[in-house]
Amino acid sequence: MTDRNVTLKKLLFGYHAEASTMLRAGYYDVDDAIGRFIAYIESEKVIRDYLEDCVENYVPEGFDAKKSVEKVSSQYGMTFAHFSPDYRGESGEVYLILKAILGEGGMTKGNLLLSYMNGSKKYDDMVKNFMNKVVRKLVDGIDRYLTELGIEKGLSDANYFQLQQNVNTGDNSNVALGQSSNNSTVNVRQTNGINGQELDQLLGRLEDAFADLDDAQRAEAEVYRDGLRDALSESKPKLSIIKAMYTGLKKIDGGVQFVAALAAIGSFLQQMGILVP
């Protein structure tokens with residue numbers, strides 16, 4: 001894997017982590033969360049160039065984010081609507097809307113959040129509804145762009161790519177991992193006496209348990225799952241990263257099936273000589 005591809009994989013991981021943090025925000029920290037996310041995507045040149053292209057070439061002519069925010073904030077029941085049909089235009093519009101919201105005093109100003117009640121009077125639910133109906137358009141747009149860029153750069157082909165890496169597990173063993181291009185399944189072949197088929201099954205059970213998670217939990221779990229998988233695929237895997245990814249998964253309140261699947265993976269890692277909390 002080239003240095004450029006490693007950099008892109010790290011960008012994908014970092015982006016998913018930042019997006020997950022923002023999408024889990026509640027009423028009292030939503031402005032800080034959005035501000036942090038905006039600062040992050042503007043600091044990463046690849047994403048910043050994408051956003052500049054969206055704003056300059058795909059946002060409909062005459063679109064005024066500040067006026068849109070003022071309109072939604074001043075009229076109860078008014079929501080942001082009629083976004084561009086193109087995902088790049090949609091990304092540009094939401095990016096400008098979020099910057100305008102922060103510039104106009106934040107999410108709690110006026111009736112903005114009240115427009116996203118959706119039957120609930122809880123402010124945290126209003127924030128969640130706003131995230132799902134508006135912010136996710138930007139999050140998904142950037143994710144789509146980065147994923148397509150990864151395919152173009154050779155991180156995967158249309159269906160499948162193979163990572164062949166030597167993993168030092170303390171006994172000079174070798175592990176070969178295969179990853180599907182959509183990150184939904186992982187096939188593992190091991191030559192150190194550990195049952196690779198068993199690991200396939202354990203990862204499959206964990207992913208099956210994602211069905212019981214809410215959107216924010218699922219996004220967070222996918223970040224840690226991908227981080228764990230990537231750490232194990234490195235030629236010299238860092239135990240600190242493996243443990244951090246596993247600990248991140250443990251912090252998710254995912255229910256009985258999720259906890260059981262994660263515990264089984266923990267036992268499997270310990271058989272490889274990797275002690276996890």
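The structure displayed is predicted, hence computed values, not measured ones. Along the sequence shown, residues are numbered consecutively beginning with 1.
The nearest pair of heavy atoms linking Ala25 to Val127 is O-CG1, 3.6 Å. Of all heavy-atom pairs between Gly35 and Leu102, the closest is CA-CD1, 3.8 Å. Closest approach of Phe258 to Leu249, counting heavy atoms only: CE2-O, 3.4 Å. Scanning all heavy atoms of the two residues, the minimum distance from Ser91 to Ile142 falls at OG-N, 4.3 Å. What you find for Val59 and Gly89 is that their closest heavy atoms are CG2-O, 4.0 Å. Nearest approach of Val135 to Met22, heavy atoms of both residues: CG1-CE, 3.3 Å.
A single hydrophobic cluster is not seen to contain both Tyr58 and Phe63; linkage of ILVMFWY side chains at heavy-atom distances under 4.5 Å, directly or through other members, places them apart. Clustering ILVMFWY residues whenever any of their side-chain heavy atoms sit less than 4.5 angstrom apart, transitively, puts Tyr246 in a cluster other than the one holding Val259. Hydrophobic clustering (ILVMFWY, side-chain heavy atoms < 4.5 Å, transitive): Tyr123 and Ile34 are in one cluster.
Looking at Lys137 and Glu90, a side-chain N of the basic residue comes within less than 4.0 Å of a carboxylate O on the acidic one, giving a salt bridge. Using a 4.0 Å cut-off between charged nitrogen and carboxylate oxygen, Arg48 and Glu44 do not count as a salt-bridge pair.
Lys45 contributes atom NZ, which lies 12.0 Å from atom CG of Leu11 (distance to the nearest 0.5 angstrom). Expressed to the nearest 0.5 Å, how far CG of Leu113 lies from CG of Asn129 amounts to 9.5 Å. Here the CD-CG distance, from Glu93 to Leu98, works out to 12.0 Å after rounding to the nearest 0.5 Å. To the nearest 0.5 angstrom, Leu138 atom CG is 6.5 Å from Leu51 atom CG. To the nearest 0.5 Å, atoms OH (Tyr27) and CG (Asp124) are separated by 10.0 Å.
Other residues, nucleotides and ligands contribute at most 12 non-hydrogen atoms within 6.0 Å of the CG atom of Asp253.
In this structure a side-chain-to-backbone donor-acceptor pair under 3.5 Å is missing from Arg136 to Met131.
Counting only residues at least two apart or on different chains, the salt bridge (charged side-chain N to carboxylate O under 4.0 Å, His left out) pairs with a member in residues 12-34 are Glu18-Arg36, Arg24-Glu220.
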Run the numbers on Glu148 and Arg144 for salt bridge (Lys or Arg N to Asp or Glu O under 4.0 Å), then give the verdict.
CA-CA 6 Å; Glu148 291 177 350; Arg144 175 176 173 177; 3.1 Å; yes
Any chance you could lay out the salt bridge (Lys or Arg N to Asp or Glu O under 4.0 Å) test for Lys128 and Asp125, step after step, and finish with the verdict?
CA-CA 5 Å; Lys128 182 177 181 180; Asp125 289 342; over 6 Å; no
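Ring geometry, Phe80 versus Tyr116: the interplanar angle falls under 30°, so the pair is classed parallel (tilted spans 30 to 60°).
Looking at heavy atoms from C-beta onward, Arg88 lies in side-chain contact with Tyr50 at the 4.5 angstrom threshold.
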